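A short worksheet on the structure shown next.
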Amino acid sequence: LSALGLAEMERLAAVARDRTLHFYLLTPSGAWWEDIRTPSEARWALRGASGAGAVALTAALAEQNPLLASLGRPSRDMQSWLEALAYEEHRCGDGDDGGVAGSDDETGAQTTLVAVQRWIDAAGERDMLGPLRLDDSLELHAAHGALRQVEALRDRLLGLLEADPTLSPREILVMTPDIDVYAPWIEAIFARSGRGEGGRVLPSLPAHIADLGLKSTNGLAALLLAVLALCDERLTAAAICDLAALEPVRLRFGIDTDDLAQMTLLAQESGMRWGFDADDRAAAGQPQTFEHTLRFGLERLALGALWSDDDDPLDVVMLDDAPLEGAGPSGARRPLPLGSASARRAFAQLAALTLQIERLRVELRDARAPAVWRADLIEAVDALGATSADAAWLRAELREKLQTLLPETLTPLPFSRQAVAKLLSGAFDQPARGDRPITGAITVCALEPMRSVPYRVIALLGMDDGVFPRAGMLP
């Protein structure tokens, strides 16, 4: 533990009256430092001081440990709570140095990192830190933007790996306060390889991204959330094309990069905009017009697919609709010619995907029991998405997650689609917690307390002003 909320503290204190509780606390300092004030506490104290008292208080605040003052409040408040209770302390450490790891360098001199660690552990005042050596145990790099920060990190890690043959990627940890922002950049930039200055080979860096929610790590989960979102929104041609860009959908319908571009072009040229048909528009409180609906565009494309390149696209009378834009005289709808096999292939994919989505929007409309929702959602994912043979475990992972969230024993009462969508959205966005698995790659995770840190190199990424300490934290 590094911190507890007030409600948790009250419950644990009540339990501790009759039971022995063991707390494993992560604290930055083993010294007594309850008198160190946060910046906001210091401002409040100065407002109430005057004269010689204000001068003395200002001098005391200027000398207190600035890192503990700005970042150590959760641990300080936790220790203050324990002081009010009857407890016994058993300190875990490596001898008399307060558990500071990696003590000195090869020459026996104290490194910069160890000096800072011991200064924090002793809750030392500002002037107790003294002058620091210039070594590579603690480095600070400034870069503008997430892209440049990741590039600078990659260059430095390549340098460390080249300088120390005993260092392996599995011994490197990268932590960031905003894993969702930096994970895509790390995946893309660490995968680069090529040649640098002097013809040196620059290999790619293997990276394992931890602490991401299921939505970010499982394409089928992202697809399921997208489908549920489409059920509660206006069905637009742009949304269909966005869904077609998801990897599971591309695998299910055989859509490659050229097909996706062709589908987007056909959706624009056919005039389809939003609403599956006239009734769908009426249900949204809009005029019941067929013009520029998805079915309107699909019918133009279907008629165009019937004409060869040499035929003149004649006007075709559709008896169920009034005159439309893009139509000939007397309400005839003008086909949109598809002059190539690739265009006809893209039309078939667009039509199949659109019809499947509309079917699911109708079938998933009514409320039902959680167990029924689970089966129907799996069927919806199978209808729209697929995985490669090597990624078949993604479906099993999604099924297991749905089993946990929507078990048979949850309740027999029906859940609405909106309630299920909100439940899954929150659960799929929630990252997994606990110790991160150690693989053969560089571990990238969120900047949070860890029980063990078995790494030789630790990099903190994205430590921007206003991002860390997090703006949402209490001052």
Side-chain angles (χ1 to χ4, degrees), residues 101-102 105-106 111-113 134-213 216-219 222 245-247 250-251 256-257 387-394 397 431-432 435-448 450 452-464 467-468:
D105 63 13
E106 302 81 12
T111 64
T112 298
L113 177 60
L134 296 178
D135 57 35
D136 60 359
S137 64
L138 183 62
E139 301 180 11
L140 300 177
H141 298 267
H144 296 284
L147 171 61
R148 186 66 192 104
Q149 290 184 50
V150 177
E151 290 177 337
L153 174 62
R154 173 181 176 270
D155 294 342
R156 188 67 187 104
L157 293 181
L158 286 173
L160 291 174
L161 291 168
E162 182 180 20
D164 186 356
T166 66
L167 179 65
S168 63
R170 69 189 302 270
E171 297 174 304
I172 300 174
L173 172 67
V174 177
M175 307 183 78
T176 173
D178 198 342
I179 188 69
D180 292 324
V181 170
Y182 285 90
W185 290 114
I186 291 174
E187 288 181 330
I189 294 172
F190 278 31
R192 292 178 181 175
S193 61
R195 293 188 177 275
E197 297 180 0
R200 290 188 310 142
V201 176
L202 300 178
S204 60
L205 292 175
H208 168 70
I209 310 294
D211 295 340
L212 291 174
S216 301
T217 60
N218 190 314
L246 298 179
E247 182 179 2
R250 296 176 67 171
L251 289 173
D256 59 26
T257 304
T387 64
S388 62
D390 295 337
W393 60 271
L394 292 174
E397 182 183 42
D435 281 355
R436 288 78 179 173
I438 299 177
T439 65
I442 297 172
T443 300
V444 183
C445 65
L447 183 57
E448 294 180 348
M450 297 178 65
S452 60
V453 189
Y455 303 95
R456 294 173 57 189
V457 176
I458 300 176
L460 303 182
L461 183 66
M463 305 295 285
D464 302 339
V467 176
F468 189 87

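None of the values given here were measured: they were computed from a predicted structure.
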What residues form a side chain to side chain contact (heavy atoms under 4.5 Å, CB included) with Ala222, not counting sequence neighbours? Lys215
To the closest 0.5 Å, what do you measure between OH (Tyr182) and CD1 (Ile189)? 10.5 Å
Roughly how far apart are Tyr455 OH and Thr443 OG1, rounded to 0.5 Å? 3.5 Å
Residues Asp135 and Thr111: side-chain donor-acceptor under 3.5 angstrom: no
State, to 0.1 Å, how close Thr112 and Ser137 come at their nearest heavy-atom pair, and which atoms those are. N-OG, 3.3 Å
Any non-hydrogen side-chain atom of Arg192 less than 4.5 Å from a side-chain atom of Leu202? no
For a quick test of reading the model, state the closest non-hydrogen atom pair linking Pro184 to Asp180 and the distance between them. CD-O, 3.3 Å
Can you measure from CG (Leu161) to CG (Leu167) and round to the nearest 0.5 angstrom? 5.0 Å
Exercise: identify the closest heavy-atom pair between Pro169 and Gly440: CB-O, 3.8 Å
Going by atom types only, do Asp178 and Thr176 share a side-chain donor-acceptor pair under 3.5 Å? no
Are a donor atom and an acceptor atom from the side chains of Arg250 and Thr257 found within less than 3.5 Å of each other? yes
With Glu187 via side chain to side chain contact (heavy atoms under 4.5 Å, CB included) - residues at least two apart: Ile209
Compare all side-chain heavy atoms of Pro177 with those of Asp464 and state whether any distance is below 4.5 angstrom. no
Check Glu151 with Arg156, please: is the shortest side-chain N to carboxylate O separation under 4.0 Å? no
Please name the pair of heavy atoms, one in Ser388 and one in Leu251, separated by the smallest distance, quoted to 0.1 Å. N-CD1, 3.8 Å
By side chain to side chain donor-acceptor pair (under 3.5 Å) - contacts of Ser204 (at least two apart): none
Within a strict 4.5 Å, meaning less than it, do heavy atoms of the Leu157 and Phe190 side chains meet? yes
Supply the atom-to-atom distance Leu394 CG to Thr387 OG1, rounded to the nearest 0.5 angstrom. 6.0 Å
Taking all non-hydrogen atoms of both residues into account, name the closest pair between Val444 and Ala207 and its distance. CG2-CB, 4.4 Å
Could you pull out all residues at least two apart from Glu247 that satisfy side chain to side chain donor-acceptor pair (under 3.5 Å)? none
Could you measure the distance from the CD atom of Glu139 to the CG atom of Leu113? Nearest 0.5 Å is fine. 11.0 Å
Quick check: closest heavy atoms across Ala163 and Pro165, and the distance to 0.1 Å? O-CD, 3.6 Å
For the residue pair Gln149 and His141, establish whether any side-chain heavy-atom pair is separated by less than 4.5 Å. no
Residues passing the side chain to side chain donor-acceptor pair (under 3.5 Å) test with Arg148, sequence neighbours excluded, are none
To the closest 0.5 Å, what do you measure between CG (Leu153) and CH2 (Trp185)? 14.5 Å
Any sub-3.5 Å donor-acceptor pair from Glu171's side-chain atoms to Ser168's backbone N or O? yes
Please list, chain by chain and in numerical order, all residues satisfying side chain to side chain donor-acceptor pair (under 3.5 Å) with Thr166, sequence neighbours excluded. Asp164, Arg456
Given side-chain contact (heavy atoms from CB on, under 4.5 Å), test Leu173 with Val457 step by step and report yes or no. CA-CA 6 Å; Leu173 172 67; Val457 176; over 6 Å; no
Going by the rule side chain to side chain contact (heavy atoms under 4.5 Å, CB included), which residues pair with Ala441 if we only count those two or more places apart in sequence or in a different chain? Pro206, His208, Thr439
